[in-house]
Structures are given as C-alpha cells and as structure tokens.
Amino acid sequence: MTTASKYDFRKVTMSDLPTLLEWQAQPHVREWWDSDEPYDEEELSDPRVSRCIVSVDGRPFAFMQDYSVHGWDDHHFAHLPKGARGIDQYIGDPKMIGIGHGTAFIGTRMGFLFGGGVPVIATDPHPENERAIAVYKKLGFEPLGQPQETQWGRILPMLARP
C-alpha cells in the first residue's frame, strides 16, 4: 500500500477462502469470473502470482491478483518484455460497485507495480465486459489486437505502460 492510498492490499490466506467463495458466488462476479476456482496452500504460495484482498477504510471488498506473464510457457502475454505483469480483479461486495472504487484501487496497484519497475501491465477482460474495458481505458490501457480465444476463455488483450 502506498502512504497516499486509502486502499490496503493484503496477501490472501487460507482463512480468506470463505470470503472469496462468497464473493465469487455473487451474480456480478460469477458472470465474468470462474466462481468454482478453488485455492489451496500450494496455489496461495505460488511465487508467480500475488493474490490480495483489497480493503478501503478497513473494509475488505475486492480481490486482486497480479502475476508474471512469463510464468507459463504458453501464456498469451509471454511475448511481453521481461518483468511484465498481468492483472485480474473483481469487486466482491455489490454495494461497492459503480462508485469509483474499481478505477481507484486498480490505479493504486498499477502505481505500485510501475513504481517497482514493471515495464508494462497486461489485462485480458472478456470482450463483452464493457464495464471492465471502460475502467481499463480510463487507467490508460489500450487494446492489443483483436479478441482471441485462450485456454482461459475469450479475451480482449490490453496493455498499459508507465
């Protein structure tokens, strides 16, 4: 967390799994996120992925992860420069949607990543997820080509640079 930010990014632990499952069961999350995705100790300790619970004013409300795009040989962003990170997130608490938190906490995390030397951040929303695409565009992401099919589903590849 940056000192100027009101958002806190805390590493996900096994004790967070009930909250994540509750959030993933929400219709607004389930529409775009694999709601049956289980985590175990091994996945939570995977050094390729940083998984966080996002809180504002001490209230947990979202999940965010960033990952090394070079951590998987066949990843669709593996062609990006060394050090590139991918991001995924969702707001779990439906009361926190549509009031600016998504843009704000994603921007905060992007500032942290760019400040740490990340040369480019990639994301891959579903091409029909207009709300997410609009947020990413506000944050400086630009589409990188056309929508495509990946092992994780249909995506619109997008990139942001510092």
Side-chain angles (χ1 to χ4, degrees), residues 1-39 43-44 49-69 76-77 84-145 147-148 150 152-162:
M1 181 172 111
T2 63
T3 54
S5 172
K6 64 181 180 179
Y7 296 98
D8 180 50
F9 296 81
R10 176 184 56 76
K11 183 179 167 109
V12 171
T13 66
M14 290 299 290
S15 64
D16 294 312
L17 294 186
T19 299
L20 292 176
L21 290 173
E22 179 183 319
W23 287 348
Q24 290 175 0
Q26 295 291 323
H28 71 278
V29 175
R30 199 171 175 91
E31 182 176 7
W32 306 112
W33 191 271
D34 180 2
S35 62
D36 298 322
E37 183 176 316
Y39 292 118
E43 289 172 309
L44 291 181
V49 185
S50 175
R51 294 180 177 95
C52 299
I53 297 292
V54 184
S55 298
V56 62
D57 300 326
R59 176 184 178 181
F61 73 98
F63 169 81
M64 184 164 197
Q65 66 183 17
D66 60 83
Y67 58 91
S68 169
V69 300
H76 50 274
F77 289 131
R85 302 290 286 178
I87 62 169
D88 301 298
Q89 65 286 309
Y90 59 79
I91 294 176
D93 183 343
K95 295 176 187 164
M96 303 295 274
I97 295 172
I99 54 177
H101 287 297
T103 303
F105 84 79
I106 296 167
T108 297
R109 188 66 178 175
M110 289 173 67
F112 172 80
L113 293 171
F114 285 141
V118 170
V120 63
I121 299 173
T123 194
D124 51 9
H126 190 282
E128 294 174 14
N129 189 343
E130 294 175 13
R131 176 178 272 174
I133 292 167
V135 167
Y136 291 133
K137 285 181 176 180
K138 277 189 218 175
L139 291 164
F141 281 88
E142 296 179 359
L144 176 69
Q148 58 187 265
T150 72
W152 294 281
R154 190 156 172 75
I155 65 150
L156 174 64
M158 300 181 80
L159 297 181
R161 299 186 188 280

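- Side-chain contact between Asp88 and Trp33 is present, with at least one heavy-atom pair separated by less than 4.5 Å.
- Between Met14 atom CE and Glu43 atom CD the span is 9.0 Å, to the nearest 0.5 Å.
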* Please test Leu156 against Phe141 for side chain to side chain contact (heavy atoms under 4.5 Å, CB included), starting from the C-alpha separation and ending with a verdict. => CA-CA 11 Å; Leu156 174 64; Phe141 281 88; over 6 Å; no

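- Annotation: Phe105 is in aromatic contact with Phe61 [ring centroid separation under 6.0 Å].
- Interatomic distance, CD1 of Ile53 versus CG of Leu20, reported as 4.5 Å (0.5 Å rounding).
- With rounding to the nearest 0.5 Å, the separation of NZ in Lys137 from CG in Leu139 is 13.0 Å.
- Within a 6.0 Å radius of CZ in Arg131, no more than 12 heavy atoms belonging to other residues, nucleotides or ligands are found.
- Here the shortest heavy-atom pairing between Ala25 and Arg30 reads O-CD, 4.3 Å.
- Residue Gln148 holds its CD atom at 4.0 Å from CD1 of Ile155, rounded to the nearest 0.5 Å.
- For the atom pair CG (Asp66) and CD1 (Ile106), the distance works out to 12.0 Å, reported to the nearest 0.5 Å.
- Phe9 and Met64 make their closest contact through CE2-SD, 4.0 Å (heavy atoms, listed as atom of the first residue, atom of the second, distance).
- Between Arg109 and Arg85 the shortest side-chain heavy-atom distance does not fall below 4.5 Å.
- The shortest distance between side-chain heavy atoms of Cys52 and Lys11 does not fall below 4.5 Å.
- At a threshold of 4.5 Å between non-hydrogen side-chain atoms, the residues His101 and Tyr7 count as touching.
- The side-chain hydrogen bond (donor to acceptor under 3.5 Å, both in side chains) analysis of residues 110-128, with sequence neighbours excluded, yields the pairs His76-Asp124, Thr123-Tyr136.
- Note that CD1 of Ile87 and CD of Gln89 are 4.5 Å apart. Values are rounded to the nearest 0.5 Å.
- A salt bridge does not link Asp16 to Arg51: none of the charged side-chain nitrogens sits closer than 4.0 Å to a carboxylate oxygen.
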